Amino acid sequence: MSVQNEAPICQSCEMPMNEPKEFGKNADGSKNDDYCCYCWKKGKFTEPKKKFEDAVEFNIQFVMKDGAAETEDEAREMLKESMSKLKRWATA
């Protein structure tokens, strides 16, 4: 029996990072293992002043598209719970 590894998720937006191009890049061009290419470029957050609440609101569309929630309110609560545990937001 083989165990399939799950893709790492971005520690800012929860996007699964399945391919090298989906990982963010550090200032030296190396791959960043914590953040995706949309949240982390050239060693910095693409939106450094983004607030947790704004990140949650932005990601509701993806939860709804995936069918993981029936309502936006349900999606919002799911995201608040899961995203609050991510590295970027855990201290927020």
Side-chain angles (χ1 to χ4, degrees):
M1 178 167 91
S2 68
V3 176
Q4 187 174 10
N5 292 332
E6 287 189 32
I9 61 167
C10 175
Q11 291 297 304
S12 178
C13 72
E14 291 190 304
M15 181 182 104
M17 299 180 292
N18 296 301
E19 299 180 28
K21 68 181 181 180
E22 295 173 329
F23 288 82
K25 297 287 184 191
N26 295 316
D28 64 2
S30 63
K31 178 180 86 165
N32 184 287
D33 291 327
D34 291 329
Y35 301 108
C36 76
C37 60
Y38 301 108
C39 294
W40 190 260
K41 291 183 181 178
K42 299 180 182 177
K44 298 179 186 175
F45 286 113
T46 57
E47 297 183 58
K49 296 183 183 207
K50 190 170 203 171
K51 295 179 181 169
F52 176 74
E53 293 79 15
D54 296 332
V56 167
E57 291 300 316
F58 180 78
N59 284 325
I60 288 172
Q61 63 183 313
F62 302 112
V63 172
M64 297 301 295
K65 182 180 175 185
D66 290 345
E70 292 185 21
T71 67
E72 287 188 8
D73 286 338
E74 184 181 342
R76 185 175 292 109
E77 291 308 310
M78 289 171 56
L79 287 164
K80 283 181 182 179
E81 172 68 22
S82 62
M83 289 180 67
S84 68
K85 297 173 184 160
L86 299 176
K87 285 183 183 182
R88 182 172 184 183
W89 310 114
T91 58

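Treat the numbers as computed from the prediction; the structure is a model and nothing was measured.
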(request) Test Lys51 against every option in Glu53, Glu47, Lys49 by the side chain to side chain contact (heavy atoms under 4.5 Å, CB included) rule and name the one that passes. (result) Glu53
(message) Once rounded to the nearest 0.5 Å, what's the spacing between atom CE of Met78 and atom CD1 of Ile60?
(response) 11.0 Å
(message) Under a 3.5 Å distance rule, please check whether Glu74 uses its side chain to pair with a backbone N or O of Glu70 as donor and acceptor.
(response) yes
(message) Show the nearest heavy-atom pair for residues Met83 and Ala55, with the distance to one decimal.
(response) CE-CB, 3.7 Å
(request) Work out which heavy atom in Cys13 is nearest to a heavy atom in Cys10; give both atom names and the distance. (result) N-SG, 3.5 Å
(message) Working note: Tyr38 + Ser12, criterion side chain to side chain contact (heavy atoms under 4.5 Å, CB included); need CA distance, chi angles, decisive distance, verdict.
(response) CA-CA 10 Å; Tyr38 301 108; Ser12 178; over 6 Å; no
(message) Give me the atom names and distance for the closest heavy-atom approach of Ala75 to Val63.
(response) CB-CG1, 3.6 Å
(request) Please report the closest heavy-atom contact between Pro16 and Glu22, naming both atoms and the distance. (result) O-OE1, 3.9 Å
(request) Give the minimum heavy-atom separation between Asp33 and Met17, together with the two atoms involved. (result) O-CE, 3.7 Å
(message) Do Trp40 and Asp34 pair up side chain to side chain, a donor and an acceptor below 3.5 Å, judged on atom types alone?
(response) no
(message) For the SG atom of Cys36 and the CG atom of Asn18, what is their distance to the nearest 0.5 Å?
(response) 12.0 Å
(request) Mind checking the CD-CD spacing from Glu72 to Gln61? Nearest 0.5 Å is all I need. (result) 10.0 Å
(message) So, taking the atom named OG1 in Thr46 and the one named NZ in Lys41, what distance separates them when rounded to the nearest 0.5 Å?
(response) 6.5 Å
(message) With rounding to the nearest 0.5 angstrom, report the NZ to CD distance, Lys50 to Glu57.
(response) 11.0 Å
(message) I want to check something: taking the side chain as every heavy atom from C-beta on, are Phe52 and Ser84 in contact at a cut-off of under 4.5 Å?
(response) yes
(request) Please round to the nearest 0.5 Å and tell me the distance separating atom CE of Met15 and atom SG of Cys39. (result) 8.0 Å
(request) Show your working on ring-ring contact (aromatic ring centres under 6.0 Å, His included) between Tyr35 and Phe45 and close with a plain yes or no. (result) CA-CA 9 Å; Tyr35 301 108; Phe45 286 113; 4.9 Å; yes
(request) Please report the closest heavy-atom contact between Leu79 and Asn59, naming both atoms and the distance. (result) CD1-C, 3.6 Å
(message) Any side-chain to backbone donor/acceptor pair from Ser30 onto Asn26? Under 3.5 Å, distance only.
(response) no
(request) Tell me whether Met64 is reachable from Phe58 by hopping between hydrophobic residues (I, L, V, M, F, W, Y) whose side-chain heavy atoms are closer than 4.5 Å. (result) no
(message) Taking the side chain as everything from C-beta on, heavy atoms only, tell me whether Glu14 gets closer than 4.5 Å to Ser82.
(response) yes
(message) I'd like to know if the side chain of Asp73 pairs up with that of Thr71 as donor and acceptor (distance under 3.5 Å, no hydrogens or angles considered).
(response) no
